[in-house]
Amino acid sequence: MALAFPLSVAAALSARPAAVQADAAPPGETGAAPEAVLPPDDEMKLIAITFDDGPRRSTTTRLLDGLAERGVQATFFLIGEQVEGNEDVLKRMDDEGHQIGIHTYDHVKLTGLNKTDFDAQVDRTRSILKGVLGHNDFLLRPPYGMTDNGVKTWAGCPIILWSIDPEDWKDQNAPREVRQIVSEAKDGDIILMHDIFSASVDAALQVIDQLHAKGFLFCTIDELYAARHIDLEPGEVYWNAYP
Ligand SMILES: [Zn+2]
């Protein structure tokens, strides 16, 4: 029973009392018990929040600050060409326990490509990320969620889509996004957002506070599937981890 996952959730929980003391501690958290007791695996409501299209220094940094205050780890799917000049932001993500994935080099559809063009998007970005972070275990999220046999054959890693899409890029309306996500959220969902928009950062942090109050625990994609005893396989597509 001593899985890596409960340990990391325990770490997240133990970080929450610290958030209570922070200036930005959200109302409602002030009564948090200092010694949280973990429910059994099968009673935890788990959810993963994921961010595409970054890094963008201003908004991504503000998001990382907010996640750190709340003891939450997220998953980021990055654009390769935006890494240069933001290497410190990537290292911070990695150091603070967030999971990192590939979202192509310059945000093209991956379907219909030949192997050379696919590699110029995915393998090139994988090499860039490895050059900064020193490891090579990155997930893939294809732009627009579009996959075909070529994508599945050449991905070389699990392909992660989503089950909640507030279309935050469309109106950049934080209150609407928060209402939609909180009303849809279920155990095992994967939320799609974009950390390049200021409104999305506002919305994400409010969503985290509201779902914490409803008993959800936020985790990375790897943690979510580990908790459900599902092995993520290269080339396979995943939308959620419903119990
Ligand atoms: Zn995208």
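Hydrogens, waters and symmetry mates play no part in the numbers below; they use all other heavy atoms, side chains included.
- Taking both residues in full, the closest heavy atoms of L133 and L90 are given as CD2-O, 3.7 Å, listed atom of the first, atom of the second, then distance.
- In this structure, T220 contributes its side chain and T75 its backbone to no donor-acceptor pair below 3.5 Å.
- Across every non-hydrogen atom of V182 and K214, the tightest pair is CG1-CE, 3.6 Å.
- For an aromatic pair to be called close, the ring centres must be under 6.0 Å apart, and F218 with H212 satisfies this.
- In the hydrophobic cluster analysis, where Ile, Leu, Val, Met, Phe, Trp and Tyr join through side-chain heavy atoms closer than 4.5 angstrom, I49 is grouped apart from I196.
- Evaluated for a side chain to side chain contact (heavy atoms under 4.5 Å, CB included) with V201, the options R56, Q206, R62 yield exactly one hit, R62.
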Give the table of side-chain donor-acceptor pairs shorter than 3.5 Å for residues 153-162, with sequence neighbours excluded, one pair per line with atom names and distance.
| residue | atom | partner | partner atom | Å |
| --- | --- | --- | --- | --- |
| T153 | OG1 | N149 | O | 2.6 |

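- A distance of 8.0 Å separates CG in L232 from CD1 in I221, rounded to the nearest 0.5 Å.
- K115 has a carboxylate O that lies under 4.0 Å from a charged side-chain N of D119, or vice versa, which qualifies the two as a salt bridge.
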Practice task
Show the numbers, then the answer: is there a salt bridge (charged side-chain N to carboxylate O under 4.0 Å, His left out) between D148 and K109?
Solution key: CA-CA 11 Å; D148 62 9; K109 278 190 275 187; over 6 Å; no
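- Between F51 and F77, a ring centre-to-centre spacing not shorter than 6.0 Å is recorded.
- Residues D209 and R70 are paired through a salt bridge, judged by an N-O separation under 4.0 Å between the basic side chain and the carboxylate.
- Between K45 and D189 there is no salt bridge, since none of the side-chain N atoms of the basic residue sits less than 4.0 Å from a carboxylate O of the acidic one.
- Between the side chain of Y242 and the backbone N or O of K186 there is no donor-acceptor pair closer than 3.5 Å.
- Within the 3.5 Å criterion, the main-chain N or O of R57 finds no donor-acceptor partner in the side chain of T60.
- There is no side-chain donor-acceptor pair under 3.5 Å between D52 and H107.
- Heavy-atom minimum distance, L64 versus E96: O-OE1, 4.2 Å.
- Formation of a donor-acceptor pair under 3.5 Å by the H103 side chain with backbone atoms of I79 is not found in this model.
- Remark: R126 engages D123 in a salt bridge, criterion side-chain N to carboxylate O under 4.0 Å.
- The structure places OG of S200 at 10.5 Å from CG of L205, a figure rounded to the nearest 0.5 Å.
- The closest donor-acceptor contact from the side chain of N173 to the backbone of R176 lies under 3.5 Å.
- Minimum heavy-atom separation, V178 to V207: CA-CG2, 3.9 Å.
- In the model, N240 has no side-chain atom that pairs as donor or acceptor with a side-chain atom of S163 under 3.5 Å.
- For the 3.5 Å distance criterion, the side chains of Q121 and D106 qualify, holding a donor opposite an acceptor.
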